[in-house]
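What follows is a short report on a single structure.
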Protein chains: 2
Amino acid sequence: MSEEDSRYYEEVIAKKRMFGGKIFNVDVEQVVLPNGASDIREIVQHHGAVGIMPFTDDGKMIFVRQWRSPLEQETLEIPAGKIDSDEGSDLKEVALREMNEELGLTTDSLEKVTAFFASPGYSNEKLTMFKATNLKKVENKRPLDPDEFLDVEKLSLDEAKAQVKKGAICDSKTIYALTYWELLQAKEK
Amino acid sequence: MSEEDSRYYEEVIAKKRMFGGKIFNVDVEQVVLPNGASDIREIVQHHGAVGIMPFTDDGKMIFVRQWRSPLEQETLEIPAGKIDSDEGSDLKEVALREMNEELGLTTDSLEKVTAFFASPGYSNEKLTMFKATNLKKVENKRPLDPDEFLDVEKLSLDEAKAQVKKGAICDSKTIYALTYWELLQAKEK
């Protein structure tokens, strides 16, 4: 079935770029709804990102602590990074680059776990999630981006849950990561 | 510790509204980084949303099928809805309104499970997740928003996982919901 055959299909009849940024763009589309009425849709255009769940040999996960301007607070999140517009589709390479830059680590055991759109009502940002095990120090660590300031913390699942209660772990990919981690542990029992 | 004491703190020295929409606004902030350098941050300002995981008495979850303009496809998602700017902080009321509008259902068993920021690098959108059980038909169903066209589907966990493989279930709150559901089942065994 082509998308146009969907009985929910909204035909785009006009589109205008309202904001062009370095992280995302904003388009406003004029659409025709299934009942023939006209409406507008506001859309954040984003190249997507990767998130990495780095499991250490001693049963911990690695997080980065950093400032998040939109939240006006420090957070603890799993390592992640935006896909550059020219990076094509090798998301494992993006994940390895971020592990190198943020953690100084690499691995030959990187496995895609899932992928999800962060906020499908108004954004096309897709986050692809990897599980990294068998972690090794890189020989040549790449520098962080010039606007990145972060520290690395290793936490057990219980320690990570305490950081959820404190509000430091508070983002979708990291809350997902902890639930996935707890599921892995529940299945092992 | 106040946020200004954070060693990662970025002081905002200027802010400009670049886009004002009905779903979100976009601000660009000029900030001072921890090393004294200046940079800009692009921020999506959003009032937040609720997501509801509706568990039926026969062990299924309820999803809505709708068109998502940003993804140019149909999706299956758990019911959800934006918080209006004037709704204050009673998120259970927002969740019950969405259950009424989208499903024609209500409950006296609504429990907050978690909350997370969808994309903390550039957005302040916070999604609060509820678990709804003991579902009952409402006596007076509220109409959908005039721009909403959706259908309701009940799926088992295995049926939902098949929809992930098909790409219909593909958003952060619903992928989280399935992982949470699987964790509940694993703990029951």
Side-chain angles (χ1 to χ4, degrees), chain A residues 3 6 8-10 12 18-19 21-24 26 28-29 31 33-35 37 39-44 65-75 77 82 114-125 127 146-147 149-150 164 170-176 179-180 182-183 186-187, chain B residues 3 6 8-10 12 18-19 21-24 26 28-29 31 33-35 37 39-44 65-75 77 82 114-125 127 146-147 149-150 164 170-176 179-180 182-183 186-187:
Chain A
E3 295 298 355
S6 162
Y8 314 93
Y9 176 63
E10 297 177 0
V12 179
M18 303 301 285
F19 171 73
K22 59 174 186 167
I23 308 297
F24 60 85
V26 175
V28 170
E29 293 181 349
V31 300
L33 301 178
N35 65 354
D39 204 346
I40 65 157
R41 299 294 182 204
E42 302 161 1
I43 301 176
V44 171
R65 185 180 287 275
Q66 64 193 313
W67 185 261
R68 287 303 203 179
S69 284
L71 318 186
E72 300 175 4
Q73 70 166 79
E74 274 180 32
T75 63
E77 299 172 29
K82 290 184 303 294
T114 188
F116 43 74
F117 291 96
S119 206
Y122 66 87
S123 169
N124 71 354
E125 181 195 3
L127 188 71
D147 65 342
F149 297 85
L150 58 83
V164 175
C170 60
D171 76 294
S172 59
K173 66 183 174 304
T174 310
I175 296 284
Y176 170 84
T179 309
Y180 174 78
E182 194 169 356
L183 176 60
K187 283 181 167 174
Chain B
E3 295 299 354
S6 162
Y8 315 92
Y9 177 63
E10 298 177 0
V12 179
M18 304 300 285
F19 170 73
K22 60 175 184 166
I23 308 297
F24 60 84
V26 175
V28 170
E29 293 181 349
V31 300
L33 301 177
N35 66 353
D39 204 346
I40 66 156
R41 300 292 182 206
E42 301 161 0
I43 300 177
V44 171
R65 185 180 288 274
Q66 63 193 315
W67 184 260
R68 288 303 203 178
S69 284
L71 318 186
E72 298 174 6
Q73 70 166 78
E74 274 182 33
T75 63
E77 300 173 31
K82 289 184 303 293
T114 189
F116 43 74
F117 291 96
S119 206
Y122 66 86
S123 169
N124 71 354
E125 182 195 1
L127 188 72
D147 65 343
F149 297 85
L150 57 83
V164 174
C170 60
D171 75 294
S172 58
K173 65 183 176 304
T174 310
I175 295 285
Y176 169 85
T179 309
Y180 173 78
E182 193 168 358
L183 176 60
K187 282 180 168 176

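Labels below follow one simple rule: chain letters A, B, ... track the order of the sequence lines, proteins then strands, and each chain is numbered from 1. Not measured: the values here are computed from a predicted model.
Heavy-atom distances place the backbone of A/L150, and not its side chain, under 4.5 Å from chain B. For a residue to count as touching a neighbouring chain, one of its non-hydrogen atoms must lie under 4.5 Å from one of that chain's; by this rule A/D147 touches chain B with backbone and side chain alike. In this structure, chain B has heavy atoms under 4.5 Å from both the backbone and the side chain of A/E182. Proximity to chain B (any heavy atom under 4.5 Å) is shown, for A/A118, by both the backbone and the side chain. For chain A, the nearby parts of B/F149 are the backbone and the side chain; heavy atoms of each come within less than 4.5 Å. A/T75 does not touch chain B: none of its heavy atoms, backbone or side chain, sits under 4.5 Å away. Residue contact with chain B, scored on non-hydrogen atoms closer than 4.5 Å, involves the backbone and the side chain of A/Y9 alike.
Taking both residues in full, the closest heavy atoms of B/Y122 and A/S123 are given as OH-OG, 3.7 Å, listed atom of the first, atom of the second, then distance. Of all heavy-atom pairs spanning A/K173 and B/P120, the tightest one is NZ-CG, 4.2 Å.
When A/A115, A/C170, A/A186 are compared by the number of non-hydrogen pairs under 4.5 Å with chain B, A/C170 comes out ahead. With chain B as partner, the option from A/F24, A/Y176, A/Y180 having the largest number of non-hydrogen pairs under 4.5 angstrom is A/F24. Of the listed residues (A/L127, A/T174, A/L33, A/T114), the greatest number of heavy-atom pairs within a distance under 4.5 Å of chain B belongs to A/L33. No other option in B/Q73, B/M18, B/E125 has as many heavy-atom pairs under 4.5 Å with chain A as B/E125. Contacts with chain B were tallied for A/R65, A/E29, A/K187; A/R65 has the most, counting heavy-atom pairs under 4.5 Å. Put simply, of B/N124, B/V28, B/L183, the one with the most heavy-atom pairs under 4.5 Å next to chain A is B/L183.
Scanning for ring pair (Phe, Tyr, Trp, His ring centres under 6.0 Å) contacts around A/Y8 gives an empty result, with sequence neighbours left out. With sequence neighbours left out, B/V164 forms a side-chain contact (heavy atoms from CB on, under 4.5 Å) with B/I169, B/I175, B/L178.
Once rounded to the nearest 0.5 Å, the distance linking OG of A/S6 with CD of B/Q66 reads 10.5 Å. Note that the CG atom of A/D171 and the OG atom of B/S172 stand 10.5 Å from one another [nearest 0.5 Å].
Contact check on A/K22 versus B/E42 returns no salt bridge, with no Lys/Arg side-chain nitrogen under 4.0 Å from an Asp/Glu carboxylate oxygen.
In this structure, the side chains of A/S69 and B/V12 stay at 4.5 Å or more apart for every pair of heavy atoms.
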